[in-house]
There are 2 protein chains.
Amino acid sequence: MQFKRPPTIREVAAAAGVSIATVSKFINGQQRFSPEVEERLRQAIATLGYRLNPQARSMVTGRTRSFGLAVLDIRNPHFANIVKGANRVALESDYSLLVVDLEERPTHERSLLEALSSRVDGLIVSSRIPDDSIAWLAELGKPVVLFGQRPRPDIRCVRTDGYRGAYLLSQHLLKGGRKRVAYLGFPNARWNAERLTGLRSGMSEQGHTVSEFAVEWPTMDGGQQAAAAILAAQPRPDAVVAYNDLVAIGFMSEATRLGVKVPDDIAVAGFDDIPVARHMHPALTTVNMRSEEQGEAAMRLLLDALRDKSMTGDDILFEPQLIPRASTAPLKS
Amino acid sequence: MQFKRPPTIREVAAAAGVSIATVSKFINGQQRFSPEVEERLRQAIATLGYRLNPQARSMVTGRTRSFGLAVLDIRNPHFANIVKGANRVALESDYSLLVVDLEERPTHERSLLEALSSRVDGLIVSSRIPDDSIAWLAELGKPVVLFGQRPRPDIRCVRTDGYRGAYLLSQHLLKGGRKRVAYLGFPNARWNAERLTGLRSGMSEQGHTVSEFAVEWPTMDGGQQAAAAILAAQPRPDAVVAYNDLVAIGFMSEATRLGVKVPDDIAVAGFDDIPVARHMHPALTTVNMRSEEQGEAAMRLLLDALRDKSMTGDDILFEPQLIPRASTAPLKS
DNA sequence: ATGAAAGCGCTAACAC
DNA sequence: GTGTTAGCGCTTTCAT
């Protein structure tokens, strides 16, 4: 079966015996016509199976009624939640949201963003974009929202205070009697440093240091692979704070498999509060980083920008929330 | 800051003192020009910051070099895996993949699909689309791949045999000494019936029936909410097969919270083999439904269709794989 | 090697 | 009310 080109406005016009302008106005509902004409138009549209080509429309209007969202890894529930938040807000305003997964691969990043950017009225980007590419984004001629610290005045940003989140975690761990905290980070990530700093700063208030480990990927597999090294450290940490919940889950699962008890032998905590965190056994302590709200906020910034034709205003900063659960229960004794 | 329109091919032509046709050929690299001209073009493009508008290009070429993928709920790792598989294959062929989340909301489904379909060369759709909308999809004039049973000859399909998967699960449970199996389904889903049937058919070989329960949503919350009713049933089931892993996890977590031991008191299993399944405690028995491979296969069908200009050929059917884990360990006694 | 011109499907002024 | 026309930014014959 061959794919036939869909009928155009011109064919409808011919079939209905009117001009293309009439058809255009009719399908956009911006004007009424005489009953017979309207009827002929309806007929023609129905029998031809006409469908408007939004692509062609947006060529002339300059707007697409859709936004783009680029994420690093859709498999990470943190990003899935961002998508959810952004999608909800977009749908409410009758916009559609197109998502691309950058696959954590800088190679394809640029071309994926290019392909996306030309098809939308604005862009939300979560990425490890180096600063020079950010210049490129800013010159797209469309509003762009980034997750992170504002890199330049014409790009707005949304983030949740990771320093604060890590600090809260440190206080919680201290209260539970933990003294030897290890941070299992993902050095490539934008948020890694502030989380480590917040944790160190909190622990140092009681004179404790934080040992540092790293995963190769911010995933469950990454956490699992890193577990042995941490558990073998002398002295063994009595708490592990992971870069995110996925890493924490991988670590916790491997620790359990190796016969190390969580939380009795070692406490485990992560960041993001992904949905599965509370269903783990033990339930995973984490810091809620407002993933979904970040997505909502980013989308609202885009909508505002489109209205104002400008990208000014302050960044959006969310407060993280500590979610204490069983995986960091206080040390007994 | 105002958003200025990006420069066009015409401005480049003016700046370089050549015609727009020359610019077009140059940026598409389909022809060489005299060194001076090429140099002037490079200059003009660089100083103006020109970027090609793929939208305009695709108006004339009729192709966009991108595909669309619509999923029911990106928060479900099953769908995230489908995205991964499809994205990988698309990137390999230099296509980009645009994903939309339908939010399990039939209301927005049609308009989201319309917005998506016009921007891509082909579509992969996972949805509970009623049959009349499927006709609509088929008439888009572009290749469409569906997950499920082929509804009409001009639409190709990819699926994994759910009947078989459920049957495998039943044999595994029987071998473990389970006799009173409950199925915690999601009646709205396309796959629900075949999974139930496969399970029933397997259990009936040993003369056992399967009791039926339902979740409102195929999520962890859904599984959690349904747990109490199942555990209160008389006689209490000694195994629960959930519609998918998310539901299974929600159920398992709630059962544990209620003091019911998994797998000693009750076995739990799901479908999909989402990444977190093996990290649960106890690790979750499941049936791998080849999510990622389904995404890959669907994308390959699309690429083939574009090459052949046709949508003929057989459906793709994957074999499910039983993944036995601790959550269905054999009954002791 | 380079350019003129037609046109992809549509919208928006402006006529009538 | 309805039609004419000029593009949106680009590709693609076809001339020169």
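For clarity, every value in this text was computed on a predicted model and none was experimentally measured. Naming convention: chains lettered A, B, ... in sequence-line order (proteins, then strands); numbering from 1 in each chain.
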*Are OP1 or OP2 of dG3(D) and a side-chain N or O of Thr22(A) less than 4.0 angstrom apart?*
yes
*Taking the side chain of Phe33(B) as its heavy atoms from C-beta onward, which of dT2(C), dG9(D), dA12(C) lies nearest to it?*
dT2(C)
*Side-chain N,O (Asn53(A)) to OP1/OP2 (dC8(C)) below 4.0 Å*: no
*Of the nucleotides dC10(C), dG3(D), dG9(D), which has the atom closest to the Val18(A) side chain?*
dG3(D)
*asked:* For Val37(B) and Met59(B), find the nucleotide of DNA chain C closest to each by heavy atoms; which residue's nucleotide sits nearer the 5' end?
replied: Val37(B)
*Tell me: CD of Gln31(B) to P of dC14(D), nearest whole Å?*
15 Å
*Between P of dC10(C) and CZ of Arg119(B), the distance in whole Å*: 14 Å
*Find the distance Ile20(A):CD1 to dA13(C):P and express it as a whole number of Å.*
15 Å
*dT11(C) phosphate, OP1 or OP2: any side-chain N/O from Gln30(A) under 4.0 angstrom?*
no
*asked:* Expressed as a whole number of angstroms, how long is the span from Lys25(A):NZ to dA12(C):C1'?
replied: 8 Å
*Any side-chain heavy atom of Ile9(A) sitting closer than 4.5 Å to one from Ser24(A)?*
yes
*Given side-chain hydrogen bond (donor to acceptor under 3.5 Å, both in side chains), test Ser58(A) with Thr61(A) step by step and report yes or no.*
CA-CA 5 Å; Ser58(A) 73; Thr61(A) 63; 5.5 Å; no
*So, is Arg10(B) close to the dG9(D) phosphate, meaning a side-chain N or O under 4.0 Å from OP1 or OP2?*
no
*Do any side-chain nitrogens or oxygens of Ser19(A) fall under 4.0 Å of OP1 or OP2 in dG3(D)?*
yes
*The side chain of Val60(B) lies closest to which of these nucleotides: dT11(D), dT2(C), dT11(C)?*
dT11(D)
*asked:* In whole Å, I'd like the distance from the CZ atom of Phe26(A) to the P atom of dG9(C).
replied: 21 Å
*asked:* If the cut-off is 4.0 Å, is Arg5(A) near the phosphate of dG9(C), judged by side-chain N/O to OP1 or OP2?
replied: yes
_Distance to the ring centre below 6.0 angstrom and angle to the axis at most 45 degrees; does that hold for Arg159(B) and Phe147(B)?_
no
*asked:* Ignoring hydrogens and geometry beyond distance, is a side-chain donor-acceptor pair present between Thr64(B) and Asp121(B) at under 3.5 Å?
replied: yes
*Name the closest nucleotide to the Ala21(B) side chain, picking from dA4(C), dG1(D), dA13(C).*
dA4(C)
*Can you tell me the distance, in whole Å, between the CD1 atom of Ile9(B) and the P atom of dA5(C)?*
17 Å
*Atom CZ of Arg57(A) and atom P of dA12(C): how far apart are they, to the nearest Å?*
8 Å
*State plainly whether the residues Arg75(B) and Asp101(B) are in salt-bridge range, i.e. N to O under 4.0 Å.*
no
*Return no unless some side-chain N or O of Ser34(A) is found under 4.0 Å from OP1 or OP2 of dT2(D).*
yes
*Taking only side-chain nitrogens and oxygens of Ser24(A), does any of them come within less than 4.0 Å of OP1 or OP2 of dT11(C)?*
yes
*If you draw the axis of the six-membered ring of Phe318(A), does the NZ or CZ of Arg290(A) fall within 45° of it and under 6.0 Å from the ring centre?*
no
*asked:* In this structure, how many angstroms lie between the P atom of dG9(C) and the CG atom of Asn28(A), rounded?
replied: 17 Å
